[in-house]
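Note sheet for the following structure.
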Amino acid sequence: MFTVTALHEQVGAIEAYVQDVSFAATKWLPGRLVGTKQTASAQALLMSFTSLAMPKLLGSDWTHLFTAPSQAGAKTPAQCFTEFQTALGKLADEADAYNAAAASRAFPENFPMYVMNPRVLETSAAV
C-alpha cells in the first residue's frame, strides 16, 4: 500500500521536470542539447493524462462496489474497508500532530511532511 500511495506521491512528482525538454527529456538524440518536439509532445500528453485529480484515499466511500463474502461469518469487504479507513484516520492524526510540532524540532527535522499524510493522498491512477 505504501509503494502505490505515499512513495508514488513522493517520487512520482515529475511535472516540474517534464515541462522543459531542454532540462529533462525522456528521449535524447546523439549530439543534441535538447529533446525533440516529439518528445516534448509525448511528455506533455503523459502529464495531462496522469495528472488528473483522483478520489482521496481517506474519506472516499467505496463500499457500494464490494460483493458479499462467500463464507458465512467472514468479515465483509465493507467491514475491512471501514477498519482500513479508521486506521488511515489514526495515521492522518499522527501526521497532523507531527506537522503541527515541526517548528519545535531542531533542524533538519523542523519541516512538516505532508506527502505521507493520508488526508492528502489520492487513490491510484488505476481507479
Side-chain angles (χ1 to χ4, degrees):
M1 185 61 70
F2 170 80
T3 302
V4 298
T5 54
L7 182 63
H8 185 259
E9 183 75 16
Q10 179 71 32
V11 300
I14 61 167
E15 58 275 352
Y17 303 111
V18 299
Q19 290 178 19
D20 184 3
V21 291
S22 66
F23 175 64
T26 55
K27 176 183 173 186
W28 290 91
L29 295 177
R32 302 291 294 267
L33 295 178
V34 298
T36 64
K37 290 179 184 178
Q38 180 185 12
T39 300
S41 298
Q43 288 180 185
L45 278 172
L46 177 66
M47 282 311 303
S48 68
F49 289 137
T50 59
S51 63
L52 298 172
M54 291 287 136
K56 295 289 186 185
L57 185 62
L58 180 61
S60 297
D61 184 11
W62 299 93
T63 55
H64 63 284
L65 300 173
F66 302 141
T67 59
S70 58
Q71 292 179 303
K75 276 188 183 176
T76 67
Q79 289 171 320
C80 294
F81 179 77
T82 301
E83 289 177 13
F84 178 63
Q85 288 289 296
T86 301
L88 280 179
K90 290 178 183 176
L91 180 60
D93 291 340
E94 290 177 25
D96 290 339
Y98 178 87
N99 291 338
S104 66
R105 293 189 295 269
F107 180 81
E109 306 296 328
N110 61 333
F111 297 101
M113 186 71 153
Y114 297 105
V115 74
M116 301 296 170
N117 190 335
R119 283 194 220 292
V120 299
L121 291 175
E122 296 176 339
T123 57
S124 167
V127 170

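Treat the numbers as computed from the prediction; the structure is a model and nothing was measured.
- Every residue meeting the side chain to side chain contact (heavy atoms under 4.5 Å, CB included) condition with Thr76, not counting sequence neighbours, appears here in chain and number order: Pro69, Ala78, Gln79.
- In this structure the side chain of Cys80 never reaches within 4.5 angstrom of the side chain of Phe66, judged on heavy atoms.
- Contacts classified as salt bridge (Lys or Arg N to Asp or Glu O under 4.0 Å) and involving residues 18-46 (residues at least two apart or in different chains) are not found.
- Here salt bridge (Lys or Arg N to Asp or Glu O under 4.0 Å) pairs that include residues 86-96, with residues two or more places apart or in two chains, are Asp93-Arg119, Asp96-Arg119.
- Applying the side-chain hydrogen bond (donor to acceptor under 3.5 Å, both in side chains) test to Gln43 and every residue at least two apart in sequence or in another chain returns Thr26.
- Grouping the Ile, Leu, Val, Met, Phe, Trp and Tyr side chains by contacts below 4.5 angstrom, directly or via other members, places Leu121 with Leu58.
- Between the side chain of Ser60 and the backbone N or O of Leu57, no donor-acceptor pair lies under 3.5 Å.
- Side-chain heavy-atom separations under 4.5 angstrom define the hydrophobic clusters, and Val21 shares its cluster with no other residue.
- No more than 12 heavy atoms of other residues, nucleotides or ligands sit less than 6.0 Å from atom CG of Leu33.
- The salt bridge (Lys or Arg N to Asp or Glu O under 4.0 Å) analysis of residues 62-79, with sequence neighbours excluded, yields the pairs Lys75-Glu83.
- A donor-acceptor pair under 3.5 Å is formed between the side chain of Thr123 and the backbone N or O of Pro55.
- Summarising the geometry of Phe81 relative to Thr63, their closest heavy-atom pair is CD2-CG2, 3.8 Å, with the distance given to 0.1 Å.
- Residues that satisfy the side chain to side chain contact (heavy atoms under 4.5 Å, CB included) test with Ala44, not counting sequence neighbours, are absent from this structure.
- Listed by chain and residue number, Arg105, Pro112 satisfy the side chain to side chain contact (heavy atoms under 4.5 Å, CB included) test with Ala102 (two or more places apart in sequence, or in another chain).
- Annotation: side chain to side chain contact (heavy atoms under 4.5 Å, CB included) contacts of Ala87 (sequence neighbours excluded): none.
- Under the ring-ring contact (aromatic ring centres under 6.0 Å, His included) criterion, Tyr98 pairs with no residue, sequence neighbours left out.
- Applying the side-chain hydrogen bond (donor to acceptor under 3.5 Å, both in side chains) criterion to Thr36, with sequence neighbours excluded, gives Thr39.
- For Thr82, there are no side-chain hydrogen bond (donor to acceptor under 3.5 Å, both in side chains) partners at least two apart in sequence or on another chain.
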